[in-house]
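We count ligands from 1, going down the list as the structure has it; atoms in each ligand are counted the same way.
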Amino acid sequence: MEEKILTLGIETSCDETAAAVLRGGREILSNVISTQIPLHQKFGGVVPEIASRKHIVNIMPVIDEAISKADVQLGEINQIAVTYGPGLVGALLVGVSAAKTLAFALKIPLVAVNHLEGHIFANFLNAPELEPPFLSLVVSGGHSSLIKMNDYNNFELLGQTRDDAAGEAFDKIARVMNLPYPGGPQIDKLAKIGNPNAIDFPRAKVSDFDFSFSGLKSAVLNYINSAKMRGDEINNADVAASFQKAVIDALIEKTVAAAENFRLKKIVLAGGVAANSSLEKNLREVCDNRGLKFFYPSKILCTDNAAMIACRGYYQSRAGNFAPPTLNAVPNLSF
Ligand code: KG4
Ligand code: ZN
């Protein structure tokens, strides 16, 4: 009976309004994502107030579409899982209010999901055989973290960025290069035609399993600005490829070190930056060479979506971890 539980997932932490229906823990019946990216592009980044206003317009139609695409009735939904942090407060509140209202009206339980944990759970949707324990590298617009997942409801933060997140660095460099928001996919594309060894950008020396990307970001910005001042022509593709390699090298080095240190045999990549083709390819190669099993979500499940939130919510509900009716958004929620 438990496998047939229908979970409605709701995600509005940043610039995607998303809803999904999951049957059991891993079967996606629908996964609807309404992106606001074109709306924010002309500002070069997400404008929080515009994001909230767009979520309030889109949330009900997106939920309605997720229910009808799943070919179920609203009354058949057994529980609702919603992202309550981290993210933009005004954006989060739209999803949280919608979820609370629906759960109250339908008299069904509500589950409060940490968005970052959701990113890790995206992997369960692609790999039915995946089970904890494993090491997860979570790289998104706001976070770069190494997480040891001992069990479905037991996480340990091994390390994180001390300054900029990997995605944030991608977005900032892209902005200086006049590439549209979000910068990650643009740098990824440009890097494909550049030489990753053209410029030797510095790698930060940080202890343990932490990361640091602000020094690298400044080095790239200095490189671009000094070239501009000298009137030298910049090879954007080489800059993109060399910067991307420096980020990926740091991410892979720490991931491998943590896997060895904690004797973990499975590596799980998660978060928006996981959509980076070079990161996926290089980490997969390193894992293959070291006898580590590599897991990676499909592109659509890498970036923000509600199927991953429903999946995380399902496993929380199995542990009896439900939200109170007083649930609030927690914008700076961490692991
Ligand atoms: O996880 P996500 O969708 O939202 C957050 O929770 O932050 O991640 C968004 C981040 C952005 O910084 C975006 O530039 C980056 O993921 N990103 C990429 C790629 N696709 C998205 N970064 C590098 N290469 C990509 N292909
Ligand atoms: Zn995210």
Side-chain angles (χ1 to χ4, degrees), residues 9-18 20 31 33-37 40-41 44-46 48 51 82-88 91-92 95 113-123 136-145 147 160-161 164-177 179-192 194 196 213 216-217 220 240-241 243-248 250-252 268-283 296-309 311-312 331-335:
I10 298 177
E11 154 64 39
T12 62
S13 67
C14 192
D15 56 354
E16 329 279 357
T17 316
N31 188 21
I33 304 168
S34 168
T35 184
Q36 304 180 3
I37 287 175
H40 298 283
Q41 240 159 13
V46 179
V82 64
T83 303
Y84 75 113
L88 301 167
L92 289 164
V113 173
N114 178 325
H115 179 85
L116 299 169
E117 295 176 3
H119 272 301
I120 300 177
F121 277 64
N123 280 278
S136 184
L137 170 65
V138 185
V139 270
S140 70
H143 294 79
S144 303
S145 312
I147 307 294
Q160 60 188 327
T161 182
D164 291 356
E168 201 177 343
F170 268 97
D171 294 341
K172 282 182 185 162
I173 299 301
R175 197 168 172 165
V176 178
M177 290 165 82
L179 298 169
Y181 174 84
Q186 305 290 331
I187 299 258
D188 190 359
K189 211 162 101 193
L190 199 55
K192 287 196 169 75
F213 295 111
L216 169 64
K217 182 191 68 190
V220 180
F243 157 74
Q244 182 175 279
K245 183 169 190 303
V247 174
I248 291 174
L251 293 173
I252 293 183
V268 167
L269 185 56
V273 182
N276 186 276
S277 44
S278 256
L279 173 59
E280 185 229 330
K281 185 170 163 283
N282 294 349
L283 186 53
Y296 162 75
S298 62
K299 287 261 184 290
I300 196 71
L301 293 173
C302 278
T303 44
D304 292 349
N305 66 87
M308 68 184 196
I309 302 303
C311 180
R312 175 66 193 119
N332 56 0
L333 186 68
S334 58
F335 271 107

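Nearest protein heavy-atom neighbour of atom 15 (C) of ligand 1: V273 CG2, 3.9 Å. At the shortest separation from atom 12 (O) of ligand 1 among protein heavy atoms lies D171 OD2, 2.7 Å. Counting only heavy atoms of the protein, atom 22 (N) of ligand 1 lies nearest to G184 CA, 3.3 Å. In this structure, the protein non-hydrogen atom closest to atom 26 (N) of ligand 1 is D188 OD2, 2.9 Å.
Contact between L279 and I248 at its shortest, heavy atoms only, is N-CD1, 3.4 Å. Heavy-atom minimum distance, L301 versus A307: CD2-CB, 4.1 Å. Closest approach of S334 and N114 over heavy atoms only: O-ND2, 2.9 Å.
Of the heavy atoms in E16, none comes closer than 4.0 Å to ligand 1. Both the backbone and the side chain of T303 come within 4.0 Å of ligand 1, counting heavy atoms alone. Only the side chain of H115 comes within contact range of ligand 1, with a heavy atom under 4.0 Å; no backbone atom does.
Closest heavy-atom approach to atom 24 (N) of ligand 1 within the set N276, L279, V138, V46: this belongs to N276. Considering only non-hydrogen atoms, atom 4 (O) of ligand 1 lies nearest to D304 out of I248, D304, N305, V139.
Between H119 and ligand 1, an N or O atom pair is found at a separation short of 3.5 Å. On a distance-only criterion, G272 and ligand 1 share at least one N/O pair closer than 3.5 Å.
Distance alone, capped at 3.5 Å, is enough to place a donor-acceptor pair between the Q36 side chain and the A51 backbone. Remark: the backbone N or O of Q160 is not paired with any side-chain donor or acceptor of S145 at under 3.5 angstrom. Put simply, the side chain of T12 gets close to the backbone of A91: a donor and an acceptor are under 3.5 Å apart.
Residue G167 approaches ligand 1 through these ligand atoms, each under 4.0 Å from one of its heavy atoms: 12 (O). In summary, the atoms of ligand 1 found under 4.0 Å from a heavy atom of G141, numbered by their order in the structure, are 5 (C), 7 (O), 8 (O), 9 (C), 10 (C), 12 (O). Using a 4.0 Å cut-off to heavy atoms of G142, the atoms of ligand 1 that qualify are 7 (O).
Checked against the Zn ion (ligand 2), the N, O or S atom of H115 at the shortest distance is NE2.
In this structure, M177 and I187 have side chains that are in contact, with non-hydrogen atoms separated by less than 4.5 Å. Between H143 and P86 the shortest side-chain heavy-atom distance falls below 4.5 Å. Contact check for V138 versus F335: side-chain heavy atoms found under the 4.5 Å cut-off.
Rounding to 10 degrees gives 100° for the angle at the Zn ion (ligand 2) between NE2 of H119 and OD1 of D304.
The pair D171-R175 does not meet the salt-bridge criterion, since no charged nitrogen lies less than 4.0 angstrom from a carboxylate oxygen.
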